[in-house]
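Everything on this sheet refers to the single structure shown next.
Order of the sequence lines sets the chain letters (A, B, ...), proteins ahead of strands, with each chain counted from 1.
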Protein chains: 2
Amino acid sequence: MKHEADPDDAEPTSSPQAAGGEAVLRGKATINDVARLAKVSKKTVSRVINESPFVKQKTRDAIKAVIAELGFTPDPQARALARRKSFLVGLVYDNPSPQYVVNIQRGILDALEGTDFQLVLHPCDRSKPDHVARIQSFIQQHKPFGLILPPSVSEDEPLALALNEADVDYVRIASVELDTPSRMIRTLDGDGGAAAGRHLADLGHRNIAHIHGPLSFRSTHERRAGFERALAEAGLGLRPEMAVEGGYTFEGGVAAAEHLLAQPHPPQAIFAGNDEMATGAYVAVRRAGFRIPEDISIVGFDDTPIAGRLWPALTTVRLPIREMGSAAATLLLQTADGMTTKKFITFSPEIIVRGSTAAPEGQ
Amino acid sequence: MKHEADPDDAEPTSSPQAAGGEAVLRGKATINDVARLAKVSKKTVSRVINESPFVKQKTRDAIKAVIAELGFTPDPQARALARRKSFLVGLVYDNPSPQYVVNIQRGILDALEGTDFQLVLHPCDRSKPDHVARIQSFIQQHKPFGLILPPSVSEDEPLALALNEADVDYVRIASVELDTPSRMIRTLDGDGGAAAGRHLADLGHRNIAHIHGPLSFRSTHERRAGFERALAEAGLGLRPEMAVEGGYTFEGGVAAAEHLLAQPHPPQAIFAGNDEMATGAYVAVRRAGFRIPEDISIVGFDDTPIAGRLWPALTTVRLPIREMGSAAATLLLQTADGMTTKKFITFSPEIIVRGSTAAPEGQ
DNA sequence: ATTAGGATTGACACCGGTGACATTTTCGAA
DNA sequence: TTCGAAAATGTCACCGGTGTCAATCCTAAT
């Protein structure tokens, strides 16, 4: 290090009004303050902030000491401006279930904690014709570091295509392989459906029905396919009239279950594609005068809090949504670290047996 | 306007690679492009962007035309850097109910739609000793334009004090007047409690119980006070042993209801301080072999979706949470407009009568 | 026609960092 | 001891706006 006169001109004097002594918490230290105190150029400080490997250990330590002393934190806006990339992670969603949304958020926030990134919400309405354009303009304006797309936004291929054009990273959460390649969190919904089918078959049910979601959701097909697979393995089958759509909604579940119960041979057990519809089935079953689980067993999917609050509590299939959100964010940030990036992380569902399923009584 | 040579050097040539003609959607126009095309200084463009009144109408129109032609949108990061204030609105929350959180978010997003502001999430844990410090450092770093504090964060006076020191605007959502002055969304929880009490009294119940929330929540007291007031007006009273805490949770509701049912004179009706606890009461009442509403009527508070999905559906008191979120954000943004700012907006709850309440049978 | 004072507009530095590239160190090999 | 390439650090312009204050343009009044 070269220094001639070397007066102790080291106080952070950038702010004119900073007359007093330590500017530790007043008015926020800047990279210039750090540079002056450490007697290096701001560029070198910048290198330290960004973990560049091209800084001598000794210099790095000295700078880090000054940073700690000053309580310096780099200004996200300034960095964003210079890098043309903000420190925002966007959650783009179009999901009716608050439970799902909140858990995904929580998971992402878990992973973002302690980083420089912030989570911004960007709900969208896939039914609107301009929804892709809106997301594009959001990206253009705010230059988010990356996006996280849970279902059903994750299944939007036109959007994925647009995103590949744009200058954003993104991670998708979905139950199937998707056409457009991207990093993703993969959930094995099929295995969940299979677990439900196996559970019911093991209990001794033979006449089993299914209330599924909208055909436009990939998860609808995954869950049903796994379910049918398990039934087949148990030597059973799903008769066509025993499979009804419930639209993933409560009302749809009520209607679907009423339809099933009106059949000549009503089912002994019902597997609903989500808890919402299972809850609807509860209402229809009760209205029709049947008992749960003595007369009819019911299984849901998702393990939303309502499942534990019903009476009897609902047997259901759970996905670790919060962990999935966290994994998605982690995957996204790996780019930032320059680490080798895993493309996939897979999560398996698990069946939670509670009070809504039992062996058939008439057996 | 003065111009001498006036060559048509008007193409946005800032980006070197912008060889072609219209740079309308490529690489994003900047304020410099607008200034050049409009033949004014960038400062004047800045004035137009910020709706400064000191711009001649003619100039303003010309600049606006160029802005439209170029599809120019100002860069939030650059603006934030220069103004030392970002375009983020922070939602600081510590609320166990996903339903509540999502609706508040939705409301805020409704109000933010079409503005330059983005919503960032900042959950916190009030039980941690450093939670105020964390929020402070969030503010220091990200310089949010403002914060929105729903309950119970809104009731955190130390936080409010710290916020007044810091350079942030904020709006609180709460059920009571708070010590620290600030703009706020006020909910009349007391009126909701009164509505519940009146409804039950009108049905003819005399032996009425209450399951309330934690004493640390202001809403607990508000709801109870209103409830007792209504009972008093009906010539009834709430006997001390008929008021039990349920902690605002499902499990707490189960336990509290069990406690009530174990009394020598079990209640004919129960008003639970929220739906969560009401749901717990359902379970306890059923386990004890009573019917709803024939033997026991139940009223909740909040009108979460679960209320409509129970069987029978839950009579409850509803607050327009989404609208409240929207109002909070609107209130916050008024500062930006420089408009005269209302300090308060008040929302009243409304009772939703469904299947869980009926006149007592034994009457 | 001239002029004062408000209405408009512009010049320029600066916000707090980063990128590209130049310069200086450092250190083993010759 | 000297030299050259790699390692470390510095220079300087620029990211895209805004604040401050000076300059210019108008308009009505003199």
Report yes if a side-chain nitrogen or oxygen of [X] is closer than 4.0 Å to either non-bridging phosphate oxygen (OP1 or OP2) of [N]; otherwise report no.
X	N	result
A/S46	C/dG17	no
A/N32	C/dG17	no
A/T30	C/dC15	no
B/T59	C/dT9	yes

Exercise for the section: Look at the side chain of A/R84 and the base of C/dG19, then say whether one donor and one acceptor between them are separated by less than 3.5 Å. Expected result: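 No.
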Handout entry: B/K42 (side chain) and D/dG17 (base): donor-acceptor pair under 3.5 Å
Key =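 Answer yes: a donor N or O sits under 3.5 Å from an acceptor.
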Quick check for you: among [options], whose closest atom lies nearest to any side-chain atom of [X]?
X	options	value
A/F72	C/dG17, D/dT18, D/dG10	C/dG17
B/R47	C/dA20, C/dC15, C/dG10	C/dG10
B/R83	C/dT18, D/dT9, D/dT18	D/dT18
A/V55	D/dT9, D/dG17, C/dG17	D/dT9
B/T44	D/dG17, C/dG10, C/dG17	C/dG10
B/D75	D/dG17, D/dT18, C/dT18	D/dG17
A/I31	C/dG17, D/dG17, C/dT18	C/dG17
A/K56	C/dT26, C/dG17, D/dG10	C/dT26

Practice task
Give B/S52 one of three labels, base, sugar-phosphate or nothing, depending on what nucleic acid heavy atoms sit under 4.0 Å from its own.
Solution key: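 B/S52: no heavy atom of the nucleic acid under 4.0 Å.
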Exercise for the section: Quick one: label B/V40 by what it contacts on the DNA or RNA (base, sugar-phosphate, nothing), any heavy atom closer than 4.0 Å. Expected result: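 Sugar-phosphate, no base atom in range.
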Exercise for the section: Could you check A/R106 against A/E323 for salt bridge (Lys or Arg N to Asp or Glu O under 4.0 Å), going step by step and ending with a plain yes or no? Expected result: CA-CA 9 Å; A/R106 277 290 176 177; A/E323 286 77 3; over 6 Å; no
Round to the nearest Å and state the distance from [X] atom [atom1] to [N] atom [atom2].
X	N	atom1	atom2	value
A/I67	C/dG17	CD1	P	10 Å
B/L81	D/dG16	CG	P	12 Å
A/N50	C/dG16	CG	C1'	13 Å

Practice task
Would you mind telling me which residue lines up with the more 5' stretch of DNA chain C, B/K143 or B/S41, judged by nearest nucleotide?
Solution key: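 It is B/S41 whose nearest nucleotide is closer to the 5' end.
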Exercise for the section: Test B/R84 against B/D167 for salt bridge (Lys or Arg N to Asp or Glu O under 4.0 Å), laying out the working first. Expected result: CA-CA 10 Å; B/R84 282 173 274 299; B/D167 180 31; over 6 Å; no
Exercise for the section: Let me know, please, whether A/K43 or A/A82 comes out on the 5' side of the other along DNA chain D by nearest nucleotide. Expected result: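 The answer here is A/K43.
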Exercise for the section: Output yes when a side-chain donor or acceptor of A/R60 lies under 3.5 Å from a complementary backbone atom of A/V55, and no otherwise. Expected result: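 Yes: the side chain of A/R60 pairs with the backbone of A/V55.
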Handout entry: B/F87 vs B/F145, ring-ring contact (aromatic ring centres under 6.0 Å, His included): CA-CA, chis, key distance, verdict
Key = CA-CA 6 Å; B/F87 285 81; B/F145 174 81; 7.6 Å; no
Problem - Check against salt bridge (Lys or Arg N to Asp or Glu O under 4.0 Å), A/K28 and A/D75 - result: CA-CA 10 Å; A/K28 199 88 180 64; A/D75 182 311; over 6 Å; no
Practice task
Take A/K58 and A/D61 through the side chain to side chain contact (heavy atoms under 4.5 Å, CB included) test and state the conclusion after the steps.
Solution key: CA-CA 5 Å; A/K58 203 175 146 197; A/D61 292 343; 5.7 Å; no
